[in-house]
Amino acid sequence: MAFPRICYEIFVRSFCDSNGDNIGDLNGITSKLDYLQDLGVEALWLSPILLSPSYHKYDVVDYYAIDPEYGTLDDFKRLLSEAHARGIRIIMDLVINHTSANHPWFQESVKGKDSPYRSFYTWKSPEDIERLGIATREVTPDTWDRNPWHKWRQNTEKYYGLFWKGMPDLNCDHPPVRQAIYEIGRYWLNLGVDGFRLDAARHIYPEWEEHKNYDFWVEFRTEMQKANPDVYLVGEVWTAAENIAPYFKGLTANFNFDLSLAIQKIVAKERDTVQLVATLAGTRAVFFQTSPQFIDAIMLTNHDQVRIGSVMGGNLNRLKVAANLLLTLPGQPYLYYGEELGMLGKKPDEYIREPFLWDYREKDRHRARWMQPKYNKSNTVVPLVGQINDPNSLYNHYKRLIQLRKSQPALADIHGDIEPLPNEDPRLVAFIRKSNGQAVWVIHNLSAKSVKFSVANQPSQFIFSTHPETKLLKTETLSLEPYSCVVLG
């Protein structure tokens, strides 16, 4: 079965409120499937939907219960059915690195060393922690916590919780934990889920045992394939390419955070200061050595990053350039909900997860109003209703690019390759995309100035341009308008 070519991340709480309680929910997503299908989306990654005490739900209390804030199991089954009827797959965010401190397993674990659940988590004496030299850790991009060991009331031992004391890490060296995790995964796959986004995939084992992660994910995939041979698994592994590569032994895909940051940098500077194509080609070569069928999950931003809209200061031209790059580079693109509108957001996290703008102010009966937005209001970001009929809107720009990507095999192939085109102008990003004998040339102008590019020996067909004034001159030179993208085939 072919993997989805265009994916879309939804922070469920903020997407669409179906019942007027101000909280986005599963029925809200179901009601917007036609919108997503029309945009060109083929898979939805849903932020955690299982029972949890937090607004973000990355601390699970019950792995078999839909959080009532989001709906019921029947609501979820209907979402699966309606999505599948439209050719849209559902990817659940599965959080198995840690649980909530309120989870029954942990509540039993804290009762002491004789508890049968003690080994579900990692407990060590302060002396052992010091002796092993693991009392503190280096900051990583996905967590800045340097002190992962925590006290719990009468316990003399401390427990390991990488992200926060309220999120104790599970001990996957303990066979009953592994079996419990596999049963959870198979349950949701048997229900019809198509795959999982695996939170904190690099931290299943602590840093001093990271090498154990690789075999864990191989075993996890094998167990999940018992329920669905075509299961899709995408990992959150935020590190350098050579450290990501071993995770492809078990995981179908991994997110490319370095590419996300590189795109942000060159679009903001309007100069390719990172040699984007050569760097990406090198990264892909590293991945290929581990798994020739690797999937590079690419994105501009996600729920943990400053929104691309704010990175670009709301500049529409630069947002279109970022979209141009994302949707013509090789890999499997993920859109973060609202990127197609130019939604804004900066840390802290709540403000990069603000409600989607369907309509203007009080007319917006589907807007989730669980929080007071700081960045996304009808006077700062044009709601969907104001963009959908505007041919120059960011929404329609995304829609055209997605249609282009899906219509050209060389662009649509998530395993397709990339080669740099000769180019010494830092205002340009130019490359060839190839797949099964088809090739297209793609040239991007990052800048506010018209730029010329030699297209001697270029493919003969003018396939696509984001700017109507782009033209091919008689001197075998392409004249690219500001902030434009051209595809030749």
Side-chain angles (χ1 to χ4, degrees), residues 1-5 7 9 42-46 48-50 58 60 63-64 80 84 89-99 142 169-206 209-239 241-257 283-284 286-299 331-332 334 414-415:
M1 183 181 293
F3 292 107
R5 294 166 295 180
C7 306
E9 179 191 358
E42 296 177 339
L44 301 179
W45 155 23
L46 307 183
I49 59 174
L50 303 180
Y58 277 95
V60 178
Y63 284 101
Y64 293 95
L80 286 169
H84 290 160
R89 296 184 215 181
I90 298 295
I91 301 164
M92 277 181 72
D93 206 321
L94 189 63
V95 187
I96 54 176
N97 173 74
H98 52 264
T99 68
D142 49 3
D169 281 35
L170 286 165
N171 172 21
C172 287
D173 258 351
H174 190 46
V177 170
R178 286 201 180 208
Q179 291 310 311
I181 287 171
Y182 301 154
E183 288 171 13
I184 290 162
R186 288 193 295 262
Y187 170 82
W188 292 107
L189 292 173
N190 286 328
L191 205 69
V193 169
D194 298 288
F196 301 115
R197 179 265 182 181
L198 298 155
D199 183 66
R202 187 188 178 194
H203 301 297
I204 296 299
Y205 283 88
E209 295 182 315
E210 183 176 1
H211 62 280
K212 292 184 178 181
N213 289 334
Y214 316 140
D215 289 340
F216 171 84
W217 288 121
V218 170
E219 187 174 306
F220 181 86
R221 185 175 187 172
T222 300
E223 292 294 327
M224 295 307 100
Q225 286 174 329
K226 293 177 181 177
N228 179 357
D230 297 315
V231 64
Y232 169 85
L233 305 174
V234 58
E236 181 198 21
V237 181
W238 194 333
T239 182
E242 58 270 20
N243 297 327
I244 295 171
Y247 288 87
F248 284 110
K249 294 176 182 177
L251 301 179
T252 321
N254 285 287
F255 287 108
N256 193 332
F257 288 92
T283 295
R284 293 175 64 80
V286 171
F287 294 164
F288 185 87
Q289 290 175 356
T290 297
S291 172
Q293 290 300 303
F294 77 92
I295 295 178
D296 192 16
I298 63 176
M299 76 284 192
Q332 184 182 50
Y334 275 76
I414 56 177
H415 299 295

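These numbers come from a predicted model, not from an experiment.
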Measure the spacing between CD1 of Ile204 and CD1 of Ile96 and express it to the nearest 0.5 Å. 5.0 Å

Taking the side chain as C-beta and beyond, is there a heavy-atom pair between Tyr205 and Asp173 under 4.5 Å? yes

Assess the residue pair Glu183 and Arg186 against the criterion (salt bridge (Lys or Arg N to Asp or Glu O under 4.0 Å)); give the C-alpha distance rounded to whole Å, side-chain angles, the decisive distance to 0.1 Å, and a yes or no. CA-CA 5 Å; Glu183 288 171 13; Arg186 288 193 295 262; 5.2 Å; no

Could you tell me which residues satisfy ring-ring contact (aromatic ring centres under 6.0 Å, His included) with Phe257, sequence neighbours excluded, listed by chain and number? Trp238

Please lay out, stage by stage, how Leu50 and Trp188 fare under the test side-chain contact (heavy atoms from CB on, under 4.5 Å). CA-CA 11 Å; Leu50 303 180; Trp188 292 107; 3.4 Å; yes

Val231 and Gly195 have their tightest heavy-atom pair at CG2-CA, 4.1 Å

Distance check, rounded to the nearest 0.5 Å: Thr290 atom OG1 versus Leu251 atom CG? 11.5 Å

Is a donor from one side chain sitting under 3.5 angstrom from an acceptor on the other, for Glu219 and Tyr182? yes

Report yes if the side chains of Gln293 and Phe248 come closer than 4.5 Å at any heavy-atom pair, otherwise no. no

Stepwise, does the side-chain contact (heavy atoms from CB on, under 4.5 Å) test hold for Trp45 with Val234? CA-CA 10 Å; Trp45 155 23; Val234 58; over 6 Å; no

Side-chain heavy atoms of His98 within contact of Asp199, under 4.5 Å: yes

Determine whether Glu9 and Ile91 satisfy the following criterion, side-chain contact (heavy atoms from CB on, under 4.5 Å), listing intermediate values before the conclusion. CA-CA 9 Å; Glu9 179 191 358; Ile91 301 164; over 6 Å; no

Test item: Glu236 side-chain N/O and Ala200 main-chain N/O as donor-acceptor pair under 3.5 Å: yes

Quick one, Met224 and Arg221 - any side-chain contact, counting heavy atoms below 4.5 Å? no

Considering all heavy atoms, the nearest Ala253-Gln332 contact: CB-OE1, 4.3 Å

Quick check for you: to the nearest 0.5 Å, what is the distance between Leu189 atom CG and Ile184 atom CD1? 12.0 Å

Does the Glu42 side chain pair with the main chain of Arg5, one donor and one acceptor, at a distance under 3.5 Å? yes

pair Asn256-Thr283: side-chain heavy atoms closer than 4.5 Å: yes

Would you say Arg89 and Leu44 make side-chain contact, with heavy atoms under 4.5 Å? no

Interatomic distance, Tyr63 atom OH to Thr99 atom OG1 [nearest 0.5 angstrom]: 5.5 Å

Testing Asn254, Asn213, Thr239 one by one against Tyr247 for a side chain to side chain donor-acceptor pair (under 3.5 Å), which residue passes? Asn213

Between the main-chain N or O of Gly235 and the side-chain N or O of Trp217, is there a donor-acceptor pair closer than 3.5 Å? no

So Tyr334 and Phe255, do their side chains get closer than 4.5 Å, heavy atoms only? yes

Using the rule given for side-chain contact (heavy atoms from CB on, under 4.5 Å), can you reason through Phe294 versus Ile244, listing the C-alpha separation, both sets of side-chain angles and the distance that settles it, and then say yes or no? CA-CA 11 Å; Phe294 77 92; Ile244 295 171; over 6 Å; no

Distance, nearest 0.5 Å, that separates CZ of Phe220 from SG of Cys172: 10.0 Å

Gap between atom CG of Asn228 and atom CG of Leu191 - 0.5 Å precision: 12.5 Å

What's the shortest heavy-atom distance between Ile414 and Gly331, and which atoms? CG2-O, 3.3 Å

Kindly give the heavy-atom pair with the smallest separation between Ala227 and Asn190, and that separation in Å. CB-OD1, 3.5 Å

Minimum heavy-atom separation for Pro48 to Val95, with atom names? CG-CG2, 3.9 Å

Are Asp194 and Tyr232 side-chain neighbours, meaning at least one heavy-atom pair lies under 4.5 Å? no

Of the non-hydrogen atoms in Val286 and Glu242, which two are nearest, and what is the gap between them? CG1-CA, 3.9 Å

